[in-house]
Amino acid sequence: MKRLALILIVIAGIAAMIPTEAAAVSERLQKARQLLHKGAVRDAWYQIDSVLQQDPVNTEALYLKGEASLVYGSKSLPTTIDSLRSLGSTDKADLLHLKLLHFMGDIAFLDELKRCESLYPQSAEVRYTRWLYEIEHRLRPLPDEGELRVLSDPITLGFAPYKAAFCRATNRTFAEGLAYLELLHAHVDYRWGMFDSVFTAKNRMPTVIDVTGTMELEYAECGSQMGLYFVDANGRKLKMSLDTGTSGKGFTVHSDSVGNLLPGDTVMCLEDGIQYNYMDEPADVVIKAVDFAQPRMTSFPVQYFQGGFTLADGCFSPFALDGAAITIDPINKRVFLHDEAALSVYRDTLPKEHATFLPLIIRNGWPYMPASINGHEVLMMIESGSRDVGLNELALDHLGIRAYDSALIWRGERYPTKMYDAVMTVGPFEYQIEGGLVTDWVLGNEGYGVAAAGEAGPDFLRNFVFTFDPFRYELILVKPEDPVLSDKVGG
């Protein structure tokens, strides 16, 4: 009898624990949802992992892990989607697959979006994903606060619409960027970079940029990168590398001694305002309103700090000069700036058999272009400060490309890595990738579910005369078969 009583007590105890454990799991998942909604993805990941360690087939936890993976660009995402599908959670698997296609910029996204809209017409997540596509492709105007709230409230990554709106707005004016950054910061617990301080300073500056018609500047080689010389109001040359990875229309000088000599008033100093991966510690940032003689600019915003960039005095975004498009001809070593009318004339003179016009997606100043690799059209970030054409591990799986073991020599050291070979097609042009680098992180990931398959670097760009058109949001590529092409560029 005593043994029977003991057994009954144990059974009763286990029965009592089951709802308690279920409640604990539910509480952790609810906490994870709250954290994901406000952008605290790392903390949410810990909550989700704690559930999956206990219950690996919990479909709600798997779905939330998939959403977090979209923010990080984690290579585990396809496995999570397969797990959900095998467990019968087709709707969750479909939604994550749809978002993965958008994350990669895969052209197959549009057909999958229509399918999901038909299958899940009430889904707020599907509705938001269409909105995100349209806002990035400038198919709808910037949203007001009410529209953002309606989009944000029912979706898992509630912070994402606010971040997407900021990344779109900052391509236009500093004032609009600030307005949407304020909305974002009202909904998240963290400060995103130093954009608020920098944009406030730049928005108050009476900057004038005088680029009329087409003007030529002096070309500069900057190691593997390409650039040009700016001339300040005192006649001093400033060697600047074109860096498409510079956000927020940035123009940055990486030397205090050079920055201190620039003619203009100091607008702001930010203590420990910046740190790149090659810097041992953060550096103070100074923002100066600088006057230039070539091109003629007054109160132009220049940020400078003590960094370790040795290829040039600094780097700048192709969108740093409002109202001007930049053309770089690395074959003949020439650089041109155009106003909108002059660029239209240049476009009209290009031989159609040698030119292509690629639509650009621009997120906070970072440009992305469509390209086909292994039969898939995806987005590639244009990274003129990088190397050749790289792919991230998530894209490698998505594109069905096999990597091989290799090594990268950097600063005299040998680093084992993965590489791949493939052909990339942009417009009518084919580019052979040999020894493309495979990275375990996603370059160009803004952290709200959009990114790219990889990056196209200066080795790729050097094959073309290329123009960043800020008026039509296009990258113009011209093959240099035409011997008088540079004369056409110069008018």
Side-chain angles (χ1 to χ4, degrees), residues 63 66-67 69-71 73 77-78 80-82 84-85 90-143 147 150-151 154-157 160-161 163-165 167-168 171 356-363 366-382 391-392 394-401 424-428 442 444-446 448-456 472-475:
Y63 170 72
E67 288 279 10
S69 297
L70 278 163
V71 177
L77 181 55
T80 300
I81 293 172
D82 290 343
L84 284 167
R85 207 172 293 283
T90 305
D91 55 343
K92 292 182 172 66
D94 283 348
L95 179 57
L96 290 176
H97 177 63
L98 175 70
K99 292 188 174 188
L100 172 60
L101 290 175
H102 190 258
F103 186 87
M104 291 284 114
D106 194 315
I107 196 172
F109 164 80
L110 287 173
D111 287 339
E112 185 63 10
L113 175 62
K114 291 177 183 177
R115 189 181 80 88
C116 287
E117 286 177 329
S118 175
L119 289 174
Y120 315 111
Q122 304 304 316
S123 172
E125 298 285 0
V126 173
R127 189 160 52 251
Y128 164 68
T129 307
R130 171 173 282 283
W131 175 89
L132 185 57
Y133 174 85
E134 292 179 351
I135 202 75
E136 290 210 310
H137 286 77
R138 300 177 308 284
L139 299 175
R140 58 167 62 232
L142 283 167
E147 181 180 348
V150 169
L151 284 164
I155 65 174
T156 304
L157 303 179
K163 210 167 184 181
C167 285
R168 163 80 188 280
N171 299 329
T356 189
F357 304 87
L358 302 174
L360 290 177
I361 299 296
I362 304 176
R363 303 166 183 148
W366 291 0
Y368 304 76
M369 68 176 185
S372 292
I373 302 177
N374 207 26
H376 292 262
E377 183 179 308
V378 290
L379 281 181
M380 297 292 287
M381 181 183 176
I382 306 165
L391 290 175
N392 55 67
L394 184 58
L396 205 72
D397 175 81
H398 182 71
L399 298 173
I401 294 175
M424 180 173 74
T425 304
V426 286
V442 180
N445 182 8
E446 286 283 4
Y448 60 92
V450 295
E455 76 274 5
R472 298 173 181 81
Y473 283 74
E474 286 182 339
L475 174 68

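Fair warning: this is a prediction, and the values are worked out from it, not measured in the lab. Each residue takes its place number in the sequence, starting with 1.
Side chain of Lys99 to main chain of Glu125: no donor-acceptor pair is present (N/O by atom type, distance under 3.5 Å, no hydrogens or angles). In this structure, the side chain of Ser118 does not engage the main chain of Lys114 through any donor-acceptor pair within 3.5 Å.
Contact between His102 and Gly449 at its shortest, heavy atoms only, is ND1-O, 4.3 Å. When all heavy atoms are compared, the tightest approach of Ala395 to Ala453 is CB-O, 3.1 Å. Between Leu360 and Leu475, the shortest heavy-atom distance links the atoms CG-N, 3.6 Å. Contact detail for Ile373 and Met424: the closest heavy-atom pair is CG1-CG, 3.8 Å. Met104 and Ala452 make their closest contact through CE-O, 3.7 Å (heavy atoms, listed as atom of the first residue, atom of the second, distance). Nearest heavy atoms, Gly400 versus Asn374: O-ND2, 3.4 Å.
Listed by chain and number, the residues in a side chain to side chain donor-acceptor pair (under 3.5 Å) with His398 are Asp106 (sequence neighbours excluded). Among residues two or more places apart in sequence or in another chain, the side-chain contact (heavy atoms from CB on, under 4.5 Å) test is passed with Val442 by Phe103, Asn392, Asn445, Ala451. Contacts of Glu136 classified as salt bridge (charged side-chain N to carboxylate O under 4.0 Å, His left out), with partners at least two apart in sequence or in another chain: Arg363. Lys92 pairs by the salt bridge (charged side-chain N to carboxylate O under 4.0 Å, His left out) definition with nothing, not counting sequence neighbours. Arg115 meets the salt bridge (charged side-chain N to carboxylate O under 4.0 Å, His left out) test with Asp94, Glu112; sequence neighbours excluded. For the ring pair (Phe, Tyr, Trp, His ring centres under 6.0 Å) test, no residue two or more places apart in sequence or in another chain qualifies with Tyr63. Under the rule for a ring pair (Phe, Tyr, Trp, His ring centres under 6.0 Å), Tyr448 has no partner lying at least two apart in sequence or in another chain. The side-chain contact (heavy atoms from CB on, under 4.5 Å) test applied to Arg138 returns Arg168, Tyr473, not counting sequence neighbours. Under the rule for a ring pair (Phe, Tyr, Trp, His ring centres under 6.0 Å), Tyr368 has no partner lying at least two apart in sequence or in another chain. In terms of the salt bridge (charged side-chain N to carboxylate O under 4.0 Å, His left out) criterion, Arg127 has no residue partners (sequence neighbours excluded). In terms of the ring pair (Phe, Tyr, Trp, His ring centres under 6.0 Å) criterion, His97 has no residue partners (sequence neighbours excluded). A search for side chain to side chain donor-acceptor pair (under 3.5 Å) contacts involving Glu377 returns nothing, not counting sequence neighbours.
Under the 4.5 Å side-chain criterion, counting only non-hydrogen atoms from C-beta, Pro370 is not in contact with Ile107. Using a 4.5 Å heavy-atom threshold, the side chains of Glu474 and Leu358 count as separate. Looking only at side-chain heavy atoms (C-beta outward), Leu157 and Lys163 stay at 4.5 Å or farther from each other. At least one side-chain heavy atom of Ile81 sits less than 4.5 Å from a side-chain heavy atom of Leu77. At least one side-chain heavy atom of Phe109 sits under 4.5 Å from a side-chain heavy atom of Thr129.
Met369 contributes atom CE, which lies 13.0 Å from atom CD1 of Ile361 (distance to the nearest 0.5 angstrom). Separation of atoms CG (Leu96) and CG (Leu101) is listed at 11.0 Å; rounding is to 0.5 Å. Considering CD1 of Ile382 and CG of Leu379, their distance stands at 10.0 Å, rounded to 0.5 Å. The CG atom of Leu70 sits 8.5 Å away from the CG atom of Leu394 when rounded to the nearest 0.5 Å. With rounding to the nearest 0.5 Å, the separation of CG in Leu98 from CG in Leu110 is 10.0 Å.
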### Task
Go through the steps to decide whether Glu147 and Trp131 satisfy the test side chain to side chain donor-acceptor pair (under 3.5 Å), and finish with yes or no.
CA-CA 11 Å; Glu147 181 180 348; Trp131 175 89; 3.0 Å; yes
